[in-house]
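Right, one structure below, let's go through it.
Basis for what follows: all heavy atoms, side chains included, without hydrogens, waters or symmetry-related copies. Chain letters run A, B, ... following the sequence lines, proteins first and then strands; every chain starts at 1.
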There are 2 protein chains.
Amino acid sequence: MSRFRTPKEIFFVTWVQVLKMRFETSTIKDIAKALGLSTSTVSRALRDRYEISEETKKLVLAYAEKVNYRANPIARSLKERRSYSIGIIVSEIANNFFSQVINGIESIAYDRDYHVIISQSHESYKQEKLNVEHLASRSIDGLLIALSSETQDIDYLRDLYSKGLPIVFFDRVPENFETHKVIANNFKGSFDATEHLILSGKRVIAHLTNSETLSNTKERLEGYKAALSKYHIEFKPELVKYCQHGGMHSAELEQAVKELLPLKPDGIFISSDRLTTGCILALKNTNPEVAHKIAIAGFTNSNLVELFSPSLTSVKQPAFEIGQVATELLISMIEAKRPITEFETRVLDTELVRMKKNLGNRYL
Amino acid sequence: MSRFRTPKEIFFVTWVQVLKMRFETSTIKDIAKALGLSTSTVSRALRDRYEISEETKKLVLAYAEKVNYRANPIARSLKERRSYSIGIIVSEIANNFFSQVINGIESIAYDRDYHVIISQSHESYKQEKLNVEHLASRSIDGLLIALSSETQDIDYLRDLYSKGLPIVFFDRVPENFETHKVIANNFKGSFDATEHLILSGKRVIAHLTNSETLSNTKERLEGYKAALSKYHIEFKPELVKYCQHGGMHSAELEQAVKELLPLKPDGIFISSDRLTTGCILALKNTNPEVAHKIAIAGFTNSNLVELFSPSLTSVKQPAFEIGQVATELLISMIEAKRPITEFETRVLDTELVRMKKNLGNRYL
DNA sequence: AAAAAGTGTGCAAACGTTCCCAAAAACGTT
DNA sequence: AACGTTTTTGGGAACGTTTGCACACTTTTT
């Protein structure tokens with residue numbers, strides 16, 4: 001019995017394989033041959049190096065144009081050991097905040113000739129780690145990441161960082177990790193929102209928030225507390241509810257609402273996009289009769305808040321700008337002449353969008 | 001006077017360049033050397049080829065594991081002339097429909113070891129073309145695309161296709177382009193929505209829709225017409241408003257609303273996600289007094305419809321599934337043994353989510 | 001006992017670039 | 001006229017893989 005020496009795979013020729021034969025994309029070599037030059041000269045001419053005479057450059061450029069030459073970025077990446085691409089990790093692109101951040105990132109990246117690869121963690125630590133490692137193995141030049149709500153252990157990021165992968169955190173940033181970070185002014189945003197609730201006469205203000213471990217959870221809690229304290233309202237821990245999964249599971253939210261309502265809050269301050277919309281939904285689903293009696297203020301970048309009923313006061317983060325700034329910092333790290341040692345944490349102000357009284361109250 | 005022979009660039013050493021020296025990622029060569037084997041053997045062992053003895057395989061695998069070997073996908077891409085990545089073009093990731101499609105795409109792609117690169121056209125033809133060409137030059141193995149609302153000329157896609165780039169269209173598909181396509185059952189979705197409006201007593205039903213050139217615009221118009229006709233309601237062309245930019249500019253929507261209202265519609269059927277939310281916003285902004293008097297039914301995949309006021313009846317597309325099916329078709333093309341000649345257009349059913357009476361009417 | 005077949009491994013070329021190093025050409029200077 | 005300089009070009013290795021082919025060794029067949 002002999003082993004199968006010529007297994008099927010050998011005859012398995014895919015369409016790509018057939019096509020690549022005539023997917024005739026001209027290379028530097030072709031140009032060189034056609035023009036009777038060497039590949040080095042052509043390469044340099046195309047990259048507009050000083051060593052090449054104007055004449056030759058013109059010649060090469062014209063011919064390249066004629067045959068519609070496109071440099072092969074893969075080959076370039078291999079040679080230069082970098083990919084001109086940056087990785088992005090967010091929990092969910094369907095989240096308005098993150099999609100706006102991504103738009104900001106792209107606006108800068110494309111300008112600087114980087115391209116971006118987006119990955120979603122879906123608020124799962126496992127998924128996050130998997131994606132980051134996948135990206136790293138695709139040799140991205142840098143990473144922009146907002147941690148998932150589950151993430152506690154960031155040693156895997158430390159590892160990559162110490163191996164030379166530039167990383168910039170945004171929105172959800174770790175505490176003990178020395179690199180650039182870009183966040184919204186969470187304290188002030190929360191303070192303003194809570195104060196707004198107080199000024200409109202609310203006294204029992206609950207706080208619904210994300211996983212306790214997230215950086216912005218802490219900051220937002222502080223803002224909430226500070227506002228209460230300014231108006232001499234006692235802080236009651238039982239009015240604060242944490243959602244481990246960031247509102248990814250509706251059960252989690254309904255549970256939180258269920259626990260909160262018996263405490264008779266007349267206002268709720270909610271600290272994240274997904275939680276805000278999720279909470280209103282849960283409220284409407286489980287206790288429609290009180291949904292319109294509780295004033296709500298929350299972080300959200302939804303551009304549809306004006307449509308919501310019950311209406312709410314929202315804290316809008318400068319998402320686009322956060323993306324831009326983070327990208328600028330990242331690219332500066334990537335292209336820095338020496339390892340960076342001075343890191344900055346940029347804090348961008350939020351905007352409070354007050355509920356429109358005329359609309360908001362009409363249906364109360 | 002001599003030219004500057006040693007320009008600054010020569011001394012411009014970036015951090016990446018420094019780092020890649022010690023970004024010690026072990027290669028096949030290293031493994032080979034360490035184990036006293038040839039690179040070919042190692043390569044084959046890692047790819048689990050039949051020619052290599054079990055013994056050697058074990059050895060190699062163990063060592064690779066030990067030094068945490070990661071294959072360099074760039075090198076592999078260069079050699080194999082494919083990148084194991086597929087490009088996606090949508091108009092806007094912030095759009096619920098598209099972000100759900102993307103989730104569907106990813107769910108399949110990652111399983112099959114492809115990774116995805118997302119680009120946004122922002123409903124601009126120019127941007128779309130630019131992005132596609134950028135992706136193509138990054139040697140994606142295939143393309144999934146929903147055309148922008150501006151797009152008329154798809155010759156540039158034909159070009160790439162004829163050069164061997166597999167393309168699958170979804171949602172917005174061209175007519176005269178022979179390839180796989182995946183769409184929702186737009187006719188039925190529109191019919192159902194329009195019928196729903198009629199059955200709830202509306203008789204003057206306007207239709208707000210996307211650019212006239214889009215495939216699904218036509219199909220949805222037909223569904224709308226068919227429902228009218230079934231109930232012997234005369235079709236009036238002046239009740240149909242097209243939005244060239246798909247609602248990207250609020251002025252466009254406000255203009256449409258302004259033109260529509262004098263015709264005293266008691267119902268509006270809207271044919272796209274962005275238009276639906278945009279129209280309600282425009283209605284509320286320009287004519288809040290009538291906003292709640294007009295029944296609205298529209299395509300949208302927003303998971304927040306329940307929060308909207310005025311509430312609406314929505315047509316939900318099976319976005320996730322559309323993404324999955326499109327990806328499966330694309331990968332089948334990429335990996336096909338011979339050029340495909342039989343193409344299919346998959347049509348997936350939509351779901352009508354009726355407005356909740358108890359909520360919807362409470363504030364009328 | 002020799003030939004044939006089966007099995008495991010290695011050599012070397014290729015993928016399309018970039019860039020170091022040298023060589024050739026053009027130009028001045030003595 | 002011979003030699004330095006400056007400017008322009010080319011040769012060829014390298015980046016990390018994959019793979020056709022050749023080779024050597026082992027086993028089976030005749």
Does anything in residues 109-122 of chain A pair up under salt bridge (charged side-chain N to carboxylate O under 4.0 Å, His left out), and if so which pairs, sequence neighbours excluded? A/R112-A/E335
Specify the separation, in whole Å, of atom [atom1] of [X] and atom [atom2] of [N].
X     : N      : atom1 : atom2 : value
A/R82 : C/dT17 : CZ    : P     : 18 Å
A/E51 : D/dT7  : CD    : C1'   : 10 Å
A/E55 : D/dT9  : CD    : C1'   : 13 Å

Beyond-backbone contact of [X] with [Y], side-chain heavy atoms, under 4.5 angstrom:
X      : Y      : answer
B/S107 : B/Q324 : yes
B/Q127 : B/S148 : no
B/H115 : A/I117 : yes

Please classify the nucleic acid contact of B/S77 as base, sugar-phosphate, or nothing, using heavy-atom distances under 4.0 Å. nothing
Residue matched to C/dT30 through Watson-Crick or wobble contacts both under 3.5 angstrom: D/dA1
Sort me out a list of protein N/O and nucleotides 22-26 of chain C N/O pairs below 3.5 Å, or just none if empty.
none

Between the protein and nucleotides 15-18 of chain D, list every N/O to N/O distance that falls short of 3.5 Å.
from	atom 1	to	atom 2	distance (Å)
D/dC15	O2	A/K79	N	3.4
D/dG16	OP1	A/R81	NH2	3.3
D/dG16	N2	B/A75	O	3.4
D/dT17	OP1	B/Y69	OH	2.9
D/dT17	OP1	B/N72	N	3.2
D/dT17	OP2	B/I28	N	2.9
D/dT17	O5'	B/Y69	OH	3.3
D/dT18	OP1	B/R47	NE	2.8
D/dT18	OP1	B/R47	NH2	3.4
D/dT18	OP2	B/S43	OG	2.7
D/dT18	O2	B/K79	NZ	3.1

Students often mix this up, so state it plainly: with edges at 30° and 60°, are the rings of A/Y84 and A/Y114 parallel, tilted or perpendicular? tilted
Is the ring centre of A/F177 less than 6.0 Å from the ring centre of A/Y161? yes
Between B/S53 and B/T56, is there a side-chain donor-acceptor contact under 3.5 Å, judged purely by atom types and distance? yes
If we count only N and O atoms by modelled type, under 3.5 Å, do the side chains of B/S38 and B/T41 hold a donor and an acceptor together? yes
It should be established whether B/T56 places a side-chain nitrogen or oxygen under 4.0 Å from OP1 or OP2 of nucleotide C/dT9. yes
